[in-house]
Amino acid sequence: MALTPITKRLVPDDVFEQLLGEVVDGSLGAGDSLPSERRLAELLGVSRPTVREALQRLSATRLVEVRHGGSTTVRDYQRHAGLDLLPRLLVRHGELDPAVARSIIEARLSIAPDVARMAAERSARAEQATRDALSGALSTLEAAGDPVERQHAALAFWDAVVDLADSIVFRMMFNNLRHAYEPAIEPLAPLLDGEVSNVDAYRAVSSAVLSGDGVAAEAAADALLRPATVAMVDFLDDFEHPEGES
């Protein structure tokens, strides 16, 4: 473990972040026991209640199991953690994790067409303001002037589609995928600019959704996202496994 003392102005969040980093980065593996509260407090230079709060937060994220009066055991985050951990996994030590980025890119292709279909099927009963939000997002995308701005506009477009789908599960999934993706917008923007510059494809999705044609909305969403998804997955695979690397 590579824990460092915490200054008072950073507690208790930084205690949580350090412990989270030890789990996510593999310094603490599944099944490992954390030091006692007393020992952690000594190592970090903080109070035991601060350590206890951090451990409770880790337990709430299902990364550790805290046993009353016993040890705190690390859990396998790949089996127990939720999507809220994605932002931490995507960018580690200031660097993009290509495997996690690939998973996010693949997930959006799997999810977005279904969301578009559902949005189309439910758009007729949506409030006019919700329908207008999709048209407004499309106009913002049309007016966007650079790759990063277009990325943000595209996220707003899909945010409006998710609203029309009226699904709390898809909403929460989108929230977590968006929060994971946002820190990587700038490095990924040039690679995805061909997609977000394809305004006609976004118009096709918007038109199908607002007209209530679920089949067309699903097909339009797939046609919009698939080319860039394939290109991005190939790029990230090559980045993660350069030619000639075993």
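Here the structure is a predicted model, which is why all the values come from computation and not from measurement.
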Q: Is any side-chain heavy atom of Ile105 less than 4.5 Å from a side-chain heavy atom of Leu109?
A: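 Answer no - side chains too far apart.
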Q: Is there a side-chain contact between Gln151 and Tyr181 (heavy atoms, below 4.5 Å)?
A: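 The answer is yes, as the side chains (C-beta and beyond) meet within the 4.5 Å cut-off.
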Q: Determine which pairs satisfy side chain to side chain donor-acceptor pair (under 3.5 Å) with at least one residue from residues 130-141, sequence neighbours left out, and list them in order.
A: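 Passing the test, one end in residues 130-141: Gln128-Asp132.
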Q: How close do Leu58 and Thr61 get, heavy atom to heavy atom, and via which atoms?
A: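 So the minimum-distance heavy-atom pair works out to O-OG1, 2.8 Å.
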Q: Going by an N to O cut-off under 4.0 Å, is there a salt bridge joining Arg52 and Glu37?
A: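 Yes, this pair counts.
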Q: Could you state the interatomic distance from CG (Leu89) to CG (Leu83), rounded to the nearest 0.5 Å?
A: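 It is 10.5 Å, given to the nearest 0.5 Å.
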Q: Using residues 183-203 as the side-chain source, report each donor-acceptor pair under 3.5 Å to any protein atom, sequence neighbours left out, with the distance given to one decimal.
A:
| from | atom 1 | to | atom 2 | distance (Å) |
| --- | --- | --- | --- | --- |
| Asp193 | OD1 | Arg150 | NE | 2.8 |
| Asp193 | OD1 | Arg150 | NH2 | 3.2 |
| Asp193 | OD1 | Ser197 | OG | 3.4 |
| Asp193 | OD2 | Arg150 | NH2 | 3.0 |
| Asp193 | OD2 | Ser197 | OG | 3.4 |
| Glu195 | OE1 | Arg108 | NH2 | 2.6 |
| Glu195 | OE2 | Arg108 | NH1 | 2.8 |
| Glu195 | OE2 | Arg108 | NH2 | 3.4 |
| Ser197 | OG | Arg150 | NE | 3.3 |
| Ser197 | OG | Asp193 | O | 2.7 |
| Asn198 | OD1 | Ala201 | N | 3.4 |
| Asp200 | OD1 | Arg203 | NH1 | 2.3 |
| Arg203 | NE | Glu142 | OE2 | 3.0 |
| Arg203 | NH2 | Glu142 | OE2 | 3.2 |

Q: In terms of side-chain geometry, is the basic nitrogen of Arg171 or Asp166 positioned less than 4.0 Å from the acidic oxygen of its partner?
A: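 Asp166 and Arg171: not salt-bridged.
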Q: Salt bridge or not for Asp97 and Arg102, using N-O below 4.0 Å?
A: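 Judged by the 4.0 Å cut-off on N to carboxylate O distance, Asp97 and Arg102 do not form a salt bridge.
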Q: Could you tell me if the side chain of Gln78 sits less than 4.5 Å from the side chain of Leu85, heavy atoms only?
A: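 Heavy-atom side-chain distance check fails, nothing below 4.5 Å.
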Q: Quick check: do Val46 and Val51 have side-chain heavy atoms less than 4.5 Å from each other?
A: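 A side-chain contact under 4.5 Å exists here.
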Q: Can you name the closest pair of heavy atoms from Ala221 and Trp158 and give their distance?
A: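 Closest heavy-atom pair between Ala221 and Trp158: CB-CH2, 3.8 Å.
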Q: Does Phe174 reach the side chain of Val115, with side-chain heavy atoms less than 4.5 Å apart?
A: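 Side-chain contact under 4.5 Å: no.
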